[in-house]
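For reference, the structure is listed below as structure tokens.
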Amino acid sequence: MTSPTASPGLHDDLKERVRDAIDIVDLVGTYLSLRRAGKAMVGLCPWHEDSRPSFQVNPERQTFRCWVCNIGGDVFSFLMKMERLEFREALEQLAQRAGIDLPRGRGGLPTDEKASILAALSWAADRYRDCLRSAPDAKPARDYLAARGLTQQTIDTFRLGYAPPAWDWLLRQASAAGISTAHLAKAGLVVERQDRSGHYDRFRDRAMFPICDHLARCVAFGGRVLPGAPPDSAKYINSPETPLFSKSSMLYGLDTARDAMSKSRRAIVVEGYTDCLAARQAGIHDVVAVLGTALGERHAKLLRRYADRIVLVLDGDDAGRRRANEILDVLLAEPIDLRIARLPTGVDPCEFVLEQGRDAFEALVASAGDPLDYRLDEALASLAPDAGDDASLAAVESVLTALAKVAAQSSLTPSQSRLREDQVVGRLSRRFGLSREALRSRMLALRTTSGKRSSTTAARSETGNESDAMAPSPGLMRRLPAWDREVIEVLVGVPDAAGLIVREVQSAELETQEGRAVLEAARRLHAEGREIALAGLLLEIHDPAVQSLLVAVDETSATRTPLDSQDRVHHLEDALRRRSAQRQAHRSARTLKTSRLDPGSEAALLEQLVAQRRAVQGMTDVDEGMTEPKDG
């Protein structure tokens, strides 16, 4: 496990300013009910079924910890876990809460400009909503939404709207409201004319669906064509890519589906906005929709923050099957349980939910099949009865490619994976008359090729700033070796001795990856002239497991009878001397065993070994502990 460091390009003093401006008690108190218990504040843990307060906040150290989950950290890690955010997102939220301006917002936007663009998008959402509610020319949009079975409550909840057909409807209103055309353009709401003579509205004569980020802020729109539009009209027009919006890493409805996903541990993905809203209206709240693109790797990583299983519910037509195959090519290698739900031909999820009801839709989701079975069935169904060898081999290759990908990061045990492989290979062997050995050999070759291609990406993922990093091991504190614990305790709680650790202790001397990660973080702080202590280490390390370990070591060491700082330094210096003597004694003993020495050299080395072993025991004087013989 490699400990990721802070996001590059973020100034450490800025992170420290934000952290110091936020009281962790106030922050946690916005999510949990806390009460005082001695010097600490306690409450019910939000991450497990807690009947007695096991969640503790330390106001003095500005840390939190759940003793049952063995999870701990600072204000950043708390918000990241509660809201499932990346570090940059948590930093932005806490900076906003503290009234601190970040030099640059996401995508390089100055903070004030980002705020202006967000304000323009929110204002536009209100204008589209008001137009849908009352404008006479919005009747076709109201009729369309009613025909799709959406109630007024759903329309209001999700702020649906209508963009009139005029080319400058939004531009004229923006001018009157004092909103600049430049901000409208950066928000993707207007388009510059080719001759650069001005701008025109991007969305015209369309039902409008606001797209929100994880903070429920409108950052983009999807515009759906209405019945009766010219046949060459695009069915959907989405906002372009902007510093605030990327369709490859956002999903419609995720801001209001996160809690439901966290409870159900599943994410249902549909293709259309109305598909998503019909399911929500039926009481199925863990549903999101893609934004005019196929579900991709970045979407999967986002959903893994909240869910263990992704269920794709796609239309039952040929286009739906093609999209399913495209998605499988990308997502089979992702470490998440992926399922495919097949709808009847000619029926979309919105129609299915409205006609069949919630229970039928839940049954459809529950029956979603394994992606390998889906790929195999599709490959076999696509073959004509008189298909030639080339077509047959192409079908076999597509299935083996999928099998190689899914097995590389499967959540199954090795024995389960092998059984799964054997089932698929057996079906291919019987259908195409190929030997199991040949099929397995080809699958292994494909897996090797796929592994080489993904090795660089996997390495980046290990060191990346992922908020869904490995959870801490409950037994880590119990199995932490004594020297690793001593080093971490000093780095966390004895700033006067931290420099000594950095200078004298090598990473190879520590037995655990966690210990080495903390030491390397301390080296970075020391090299930058920053204080080595708990607060700085929590900022430098974003791995939740290591953060939890730091808080646990800090809390447990504080409960023991503490040495004062000077005594702790002396104790550490003595320990370092003994460990140095132990290494020297080991080398001397090895030399005595493996080298041929003359008697004089052997005697000298043996005397040296005795002295070294006495030093290991803290006996630095050769006469120490010995008594003179008595006269007889």
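Quick note: numbers below take in every heavy atom, side chains included, and nothing from hydrogens, waters or symmetry partners.
Without hydrogens or angle criteria, Ser246 side chain to Thr242 main chain gives no donor-acceptor distance under 3.5 Å. Looking at Thr157, its side chain does come within 3.5 Å of a backbone N or O of Gln153 through a donor-acceptor pair. Between the Ser239 side chain and the Phe221 main chain, a donor and an acceptor come within less than 3.5 Å of each other. Looking only at distances, no side-chain donor or acceptor of Gln173 sits under 3.5 Å from a matching main-chain atom of Arg127. Side-chain N or O atoms of Asp201 include none that pairs as donor or acceptor with a backbone N or O of Val190 at under 3.5 Å. Of the possible polar contacts, one joining the His299 side chain to the Met250 backbone as a donor-acceptor pair under 3.5 Å is found. Asp168 places no side-chain N or O within donor-acceptor distance of the main-chain N or O of Arg172, the cut-off being under 3.5 Å. In terms of modelled atom types and a separation under 3.5 Å, the side chain of Gln547 and the main chain of Ser77 share no donor-acceptor contact. Remark: the backbone N or O of Glu83 is paired with a side-chain donor or acceptor of Arg258 at under 3.5 angstrom. Between the side chain of Ser122 and the backbone N or O of Leu118, no donor-acceptor pair lies under 3.5 Å.
For the pair Glu397/Leu446, a side-chain contact is recorded, criterion being any heavy-atom separation below 4.5 Å from C-beta on. Contact of the Leu91 side chain with the Phe76 side chain is registered, since non-hydrogen atoms from C-beta on lie closer than 4.5 Å. Two residues are said to be in side-chain contact when any heavy atoms from C-beta on lie closer than 4.5 Å; Glu271 and Pro349 fail this criterion. Contact check for Leu254 versus Tyr306: side-chain heavy atoms found under the 4.5 Å cut-off. A heavy-atom distance below 4.5 Å is not found between the side chains of Leu277 and Ile155. By the 4.5 Å heavy-atom criterion applied to side chains, Glu192 and Arg196 are counted as neighbours. Side-chain contact check for Asp255 versus His214: every heavy-atom pair is 4.5 Å or farther apart.
Ring-plane geometry between Trp169 and Tyr128 is classed as parallel, the angle between the planes falling under 30 degrees on a 0 to 90 degree scale with a further cut at 60.
Salt-bridge annotation for Glu89 and Arg84: absent, with no side-chain N of the basic residue lying under 4.0 Å from a carboxylate O of the acidic one. A salt bridge between Arg266 and Glu362 is present, with a side-chain N of the basic residue lying under 4.0 Å from a carboxylate O of the acidic one.
Summarising the geometry, atom CG belonging to Asp286 is positioned 8.0 Å from atom CD1 belonging to Ile284; distances are rounded to the nearest 0.5 Å. From Leu303, atom CG reaches atom CG of Leu251 across 5.5 Å, with rounding to the nearest 0.5 Å. The CD atom of Glu92 lies 10.0 Å from the CG atom of Leu85; values are rounded to the nearest 0.5 Å. Atom OH of Tyr162 and atom CG of Leu145 lie 11.5 Å apart (nearest 0.5 Å).
Screening Thr256, Asp275, Thr154 for a side chain to side chain donor-acceptor pair (under 3.5 Å) involving Arg280 leaves a single residue, Thr256. With Ile268 as reference, Val313 is the one residue of Val313, Ile310, Leu312 to meet the side-chain contact (heavy atoms from CB on, under 4.5 Å) rule.
Annotation for Val288 and Cys276: closest pair CA-SG, 4.0 Å, computed over non-hydrogen atoms. Closest approach of His285 to Gly283, counting heavy atoms only: CD2-O, 3.5 Å. Between Leu364 and Arg342 the shortest heavy-atom distance is CD1-O, 3.2 Å. Shortest non-hydrogen contact noted between Ala278 and Val353 is O-CG1, 3.6 Å. The minimum heavy-atom distance linking Leu121 with Ala220 is given by the pair CD2-N, 4.3 Å. Residue Arg206 comes nearest to Ala234 through the heavy atom pair NH2-O, 2.8 Å, listed as atom of the first residue, atom of the second, then distance.
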Under the ring-ring contact (aromatic ring centres under 6.0 Å, His included) rule, what do Tyr273 and Phe158 come out as? Steps first, then yes or no, please. CA-CA 10 Å; Tyr273 303 121; Phe158 292 91; over 10 Å; no
Can Asp213 and Phe245 be said to form a side-chain contact (heavy atoms from CB on, under 4.5 Å), step by step? CA-CA 8 Å; Asp213 66 5; Phe245 171 66; over 6 Å; no
Working for side chain to side chain donor-acceptor pair (under 3.5 Å), residues Asp156 and Gln152: CA-CA 6 Å; Asp156 291 342; Gln152 190 60 48; 3.0 Å; yes
Run Glu86 and Lys301 through salt bridge (Lys or Arg N to Asp or Glu O under 4.0 Å) and show every step you take. CA-CA 12 Å; Glu86 301 291 347; Lys301 284 182 167 57; over 6 Å; no
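Geometric assessment of Arg204 against the ring of Trp167 yields a positive cation-pi assignment under the 6.0 Å and 45° thresholds.
Applying the side chain to side chain donor-acceptor pair (under 3.5 Å) test to residues at least two apart or on different chains, none of the pairs has a partner in residues 350-361.
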Under 3.5 Å, which donor-acceptor pairs do the side chains of residues 136-144 form with other protein atoms, sequence neighbours left out?
from	atom 1	to	atom 2	distance (Å)
Lys139	NZ	Asp143	OD2	2.8
Arg142	NH1	Leu132	O	2.8
Arg142	NH1	Ala135	O	3.0
Arg142	NH2	Ala135	O	3.3
Tyr144	OH	Arg224	NE	3.1

